[in-house]
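Below you'll find the structure, written out as structure tokens, and then a few comments.
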Amino acid sequence: MVKNSFISVFLQEEKEENRGSVEFQVFSFTNKIRRLTSHFELHRKDYLSQRGLRKILGKRQRLLAYLSKKNRVRYKELIGRLDIRELKTH
């Protein structure tokens with residue numbers, strides 16, 4: 001649960017900044033995703049929450065795609081801080 005504490009500390013730093021920014025939205029979606037994932041360890045058949053998780057994953061995926069097109073540096077910094085995607089090596 002080290003990642004969750006890191007995100008909550010980082011979110012408190014972000015509260016003074018723009019809450020509508022792409023980074024802040026991805027942070028909040030990632031926090032929700034991690035909470036729901038831990039919820040499913042106890043409640044495997046909670047299908048309604050699974051649907052909500054899939055919707056949140058799709059929203060985060062679209063935001064990350066947008067950010068990668070608009071500003072590649074901010075995108076790489078964000079995925080590095082959140083540790084949410086493997087960096088592709090060619």
Side-chain angles (χ1 to χ4, degrees):
M1 290 295 159
V2 175
K3 292 180 184 177
N4 286 342
S5 62
F6 170 75
I7 291 174
S8 63
V9 168
F10 195 75
L11 284 177
Q12 288 176 0
E13 293 174 5
E14 287 283 324
K15 283 186 180 178
E16 291 85 29
E17 294 182 20
N18 188 4
R19 290 183 181 213
S21 70
V22 176
E23 289 92 347
F24 185 83
Q25 291 179 40
V26 171
F27 285 137
S28 63
F29 286 147
T30 302
N31 200 12
K32 287 180 185 180
I33 289 167
R34 290 190 174 138
R35 272 187 307 173
L36 280 172
T37 304
S38 65
H39 168 79
F40 292 135
E41 292 174 3
L42 294 174
H43 309 282
R44 295 185 193 276
K45 295 190 176 184
D46 189 357
Y47 299 117
L48 190 60
S49 294
Q50 287 178 11
R51 180 177 184 261
L53 174 65
R54 285 192 298 269
K55 289 178 80 170
I56 293 171
L57 284 169
K59 286 181 185 179
R60 185 179 76 173
Q61 184 179 10
R62 287 191 301 272
L63 281 172
L64 287 171
Y66 168 79
L67 188 61
S68 71
K69 288 178 190 172
K70 292 293 181 182
N71 193 338
R72 196 70 175 171
V73 175
R74 283 174 43 197
Y75 169 76
K76 287 186 178 186
E77 179 183 320
L78 181 63
I79 62 171
R81 287 176 113 170
L82 289 178
D83 192 30
I84 53 176
R85 289 192 176 180
E86 296 284 329
L87 290 177
K88 295 179 182 175
T89 57
H90 293 145

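For the numbers below, each heavy atom of this structure counts, side chains included, while hydrogens, waters and symmetry mates do not. Only a predicted model underlies this, so the values are computations on that prediction, with no experimental measurement involved.
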Closest heavy-atom pair and its distance - Phe24, Arg19
CD2-O, 3.1 Å
Using the rule given for side chain to side chain contact (heavy atoms under 4.5 Å, CB included), can you reason through Ile84 versus Arg60, listing the C-alpha separation, both sets of side-chain angles and the distance that settles it, and then say yes or no?
CA-CA 11 Å; Ile84 53 176; Arg60 185 179 76 173; 3.8 Å; yes
If you round to the nearest 0.5 Å, how far is OH of Tyr47 from NZ of Lys45?
5.5 Å
Which residue in the set Asn31, Thr37, Leu36 passes side-chain contact (heavy atoms from CB on, under 4.5 Å) when paired with Ile33?
Thr37
CG/Leu48: more than 12 non-hydrogen atoms of other groups inside 6.0 Å:
no
Nearest 0.5 Å, what's the NE2-NZ distance between His39 and Lys32?
15.0 Å
Of all heavy-atom pairs between Ser68 and Ala65, which one has the smallest distance, and what is that distance?
OG-O, 2.8 Å
Output the distance between atom CG (Asn71) and atom CG (Leu67), rounded to the nearest 0.5 Å.
6.5 Å
Enter the distance from Thr30:OG1 to Leu64:CG here, rounded to the nearest 0.5 Å.
7.0 Å
Rounded to the nearest 0.5 Å, what's the gap from CD on Gln25 to CG on Asn18? Could you check?
9.0 Å
Should we say atom OH of Tyr66 is surrounded by more than 12 heavy atoms from elsewhere, each under 6.0 Å from it?
no
Euclidean distance, Leu82 CG relative to Glu23 CD, rounded to 0.5 Å
10.0 Å
Taking all heavy atoms of Gln61 and all of Arg85, pick out the closest pair and write down the distance.
CG-NH2, 4.0 Å
